[in-house]
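Take a look at the structure below.
Each chain gets a letter, A, B and so on, in the order its sequence line appears, and its residues count up from 1.
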Protein chains: 2
Amino acid sequence: MTRMHYTRDNMAGLLRSHDINPTHQRIEIAHALFSRQEHLSADQVMAIVNTRHSETSKATVYNTLKLFLEKGLVREVIVDPSKVFFDPNTSPHHHLYEVDSGKLSDIDAEHVQISGLPPLPDNMVTEGIDLIVRVRRKA
Amino acid sequence: MTRMHYTRDNMAGLLRSHDINPTHQRIEIAHALFSRQEHLSADQVMAIVNTRHSETSKATVYNTLKLFLEKGLVREVIVDPSKVFFDPNTSPHHHLYEVDSGKLSDIDAEHVQISGLPPLPDNMVTEGIDLIVRVRRKA
DNA sequence: TCCGGATATTAGACAAAGTCCAGATTGCCG
DNA sequence: CGGCAATCTGGACTTTGTCTAATATCCGGA
Ligand SMILES: [Mn+2]
Ligand SMILES: [Mn+2]
Ligand SMILES: [Zn+2]
Ligand SMILES: [Zn+2]
């Protein structure tokens with residue numbers, strides 16, 4: 001698989017392929033997430049998108065991230081009680097969270113095995129399994 | 001093992017055994033959590049403790065829950081982006097979260113096996129591993 | 001019993017994340 | 001160009017949680 005280069009132009013196609021109308025703001029927000037391949041909070045997205053001069057409102061940032069989420073373009077990571085992170089990596093994977101620094105990184109799911117989970121009630125479907133390894137700097 | 005009955009009187013001993021000075025407010029808050037054995041948010045604790053007549057301030061509820069956390073009396077569960085849950089069950093276990101209703105329940109860790117996690121960098125210690133199964137009502 | 005310091009509680013101001021709304025802008029089609 | 005739907009916007013608002021300075025409670029020693 002060749003390495004993808006996330007240009008703004010590519011973003012339009014990515015958005016369309018997820019049934020999202022590619023507007024200027026949406027392209028910028030997608031570009032912020034995908035070009036970095038990092039976990040970003042709404043605030044961070046906002047800051048990145050508005051570095052040069054203010055272009056995108058807070059409402060649009062939140063609306064757009066929610067839209068991306070609904071359309072399956074990004075994933076939500078809930079590890080920090082004070083803010084949500086948005087993850088451009090939607091393939092199944094886990095997370096390593098450094099509680100001191102707030103640094104969040106991916107753990108490849110390939111070799112991780114979770115077994116022995118009890119069966120779900122019939123009327124329930126699994127939406128996802130989140131595995132978070134919380135670590136701290138050694139004293 | 002006999003079933004523990006969480007009376008207010010027992011709470012004082014429990015607090016002392018965790019090196020917490022048992023004050024009236026602390027006993028009430030511990031009692032709210034331990035007598036129910038449920039995951040409660042700060043708001044819910046506040047409501048429970050102040051049902052009859054207002055007795056405990058918001059600041060004290062937050063201060064006390066943080067103290068309980070530091071002293072290892074309760075555990076924090078971060079699954080809902082909008083609020084933290086406090087868990088009187090500190091034995092290792094996992095969680096089942098119903099995204100629609102917000103209902104949070106325990107998964108016994110006994111039979112769950114997690115294998116294949118990559119080794120940590122030398123200067124890091126695991127503080128905990130959170131496994132959250134997110135489920136949704138079937139359509 | 002009275003005093004003084006340490007510990008705990010409090011009201012309410014404050015901060016940060018996120019939601020909501022009503023009015024503007026944009027893009028598109030006839 | 002004119003109309004309509006979709007999008008974006010500033011800013012008010014809500015909720016969760018933190019902070020602070022004043023008060024209250026507790027406790028050990030004189
Ligand atoms: Mn731009
Ligand atoms: Mn009482
Ligand atoms: Zn990730
Ligand atoms: Zn639990």
Side-chain angles (χ1 to χ4, degrees), chain A residues 11-12 15-16 18-33 39-50 52-71 73-87 99 102 104, chain B residues 11-12 15-16 18-33 39-50 52-71 73-87 99 102 104:
Chain A
M11 290 301 102
L15 292 178
R16 270 189 222 95
H18 282 260
D19 202 23
I20 298 167
N21 194 358
T23 64
H24 177 64
Q25 286 87 341
R26 289 170 181 176
I27 287 169
E28 288 298 322
I29 291 171
H31 186 252
L33 281 160
H39 307 87
L40 300 179
S41 65
D43 234 37
Q44 289 175 303
V45 169
M46 180 91 170
I48 291 168
V49 160
N50 290 335
R52 299 182 167 284
H53 43 89
S54 187
E55 294 188 335
T56 305
S57 72
K58 185 170 63 145
T60 297
V61 170
Y62 278 99
N63 288 344
T64 300
L65 289 170
K66 188 183 284 179
L67 178 69
F68 286 4
L69 200 58
E70 285 162 9
K71 298 293 190 177
L73 185 62
V74 301
R75 161 178 173 180
E76 215 178 15
V77 184
I78 300 168
V79 285
D80 183 311
S82 75
K83 62 176 67 128
V84 171
F85 287 101
F86 294 88
D87 191 343
V99 291
L104 182 61
Chain B
M11 289 303 102
L15 293 177
R16 270 188 223 98
H18 282 261
D19 202 21
I20 298 166
N21 194 358
T23 64
H24 178 63
Q25 285 87 341
R26 288 169 181 176
I27 288 170
E28 289 297 322
I29 291 172
H31 186 252
L33 282 160
H39 308 87
L40 300 178
S41 65
D43 233 38
Q44 290 176 303
V45 168
M46 179 90 170
I48 291 167
V49 161
N50 291 334
R52 299 181 168 282
H53 43 90
S54 187
E55 297 190 332
T56 305
S57 72
K58 186 170 62 145
T60 297
V61 169
Y62 278 99
N63 288 346
T64 300
L65 289 171
K66 187 183 285 179
L67 177 69
F68 285 4
L69 201 58
E70 286 163 9
K71 298 294 188 175
L73 185 62
V74 301
R75 162 178 173 177
E76 216 178 15
V77 184
I78 301 169
V79 286
D80 183 310
S82 74
K83 62 176 68 130
V84 171
F85 287 101
F86 295 88
D87 191 343
V99 291
L104 182 61

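A/Leu67 has its CG atom 17 Å from the C1' atom of C/dG18, to the nearest Å. As rounded to whole Å, 17 Å separates atom C1' of D/dG17 from atom CG of B/Leu40. If you take NZ of B/Lys71 and C1' of C/dT7, they are 13 Å apart, rounded to a whole angstrom. Atom P of nucleotide D/dC8 and atom CG of A/Leu65 are separated by 12 Å, given to the nearest angstrom. In this structure, A/Ile29 atom CD1 and D/dT7 atom P are separated by 13 Å, rounded to whole Å. Rounding to whole angstrom units, CG of residue B/Asn50 and C1' of C/dT10 are separated by 12 Å. Taking atom CG on A/Leu15 and atom P on D/dA6, their separation rounds to 18 Å, with Å as the unit. If you take CZ of B/Phe68 and C1' of C/dA8, they are 13 Å apart, rounded to a whole angstrom.
The residue among B/Ile20 and A/Phe86 whose nearest nucleotide of DNA chain C lies closer to the 5′ end is B/Ile20. Nearest-nucleotide assignment on DNA chain D puts the 5′-proximal partner with A/Arg26, out of B/Asn63 and A/Arg26.
Of the side-chain N and O atoms in A/Gln25, none sit less than 4.0 angstrom from OP1 or OP2 of C/dT26. The shortest distance between the side-chain N/O atoms of B/Asn21 and the OP1/OP2 oxygens of C/dA8 is below 4.0 Å. At C/dA16, none of the side-chain N or O atoms of A/Ser82 fall inside 4.0 Å of OP1 or OP2 (strictly under the cut-off). Checking the phosphate oxygens (OP1, OP2) of D/dC8, no side-chain nitrogen or oxygen of A/Thr60 falls inside 4.0 Å. Applying the 4.0 Å criterion to OP1 and OP2 of D/dC8, one finds that A/Thr23 has a side-chain N or O inside that range. The phosphate of D/dT18 (OP1 or OP2) has no side-chain N or O of B/Tyr62 nearer than 4.0 angstrom.
In the interface, the side chain of B/Lys58 is paired with the base of D/dG17 through a donor and an acceptor atom under 3.5 Å apart.
At a threshold of 4.0 angstrom between heavy atoms, the contacts of A/Ser41 with the nucleic acid are absent.
Across all non-hydrogen atoms, the minimal contact from B/Ile48 to B/Ala32 is CG2-CB, 3.8 Å. Taking every heavy atom of both residues into account, B/Gln44 and B/Phe85 meet most closely at OE1-CE2, 3.8 Å. Considering all non-hydrogen atoms of both residues, B/Lys58 and B/Met46 come closest at N-CE, 3.5 Å. Nearest approach of B/Val61 to B/Ala42, heavy atoms of both residues: CG1-O, 3.8 Å. What you find for A/His18 and A/Lys71 is that their closest heavy atoms are ND1-O, 3.3 Å.
Side chain of A/Val84, nearest nucleotide from C/dT19, C/dG18, C/dA11: C/dG18. Comparing C/dC21, D/dG17, C/dA11 by their nearest atom to the side chain of B/Ala42 picks out D/dG17. Here D/dT16 is the nucleotide among C/dT9, D/dT16, C/dG18 with the atom lying nearest to any side-chain atom of B/Lys83.
For the pairing with B/His39, the side-chain contact (heavy atoms from CB on, under 4.5 Å) check across B/Val77, B/Val79, B/Leu33, B/Val84 returns one residue only, B/Val77.
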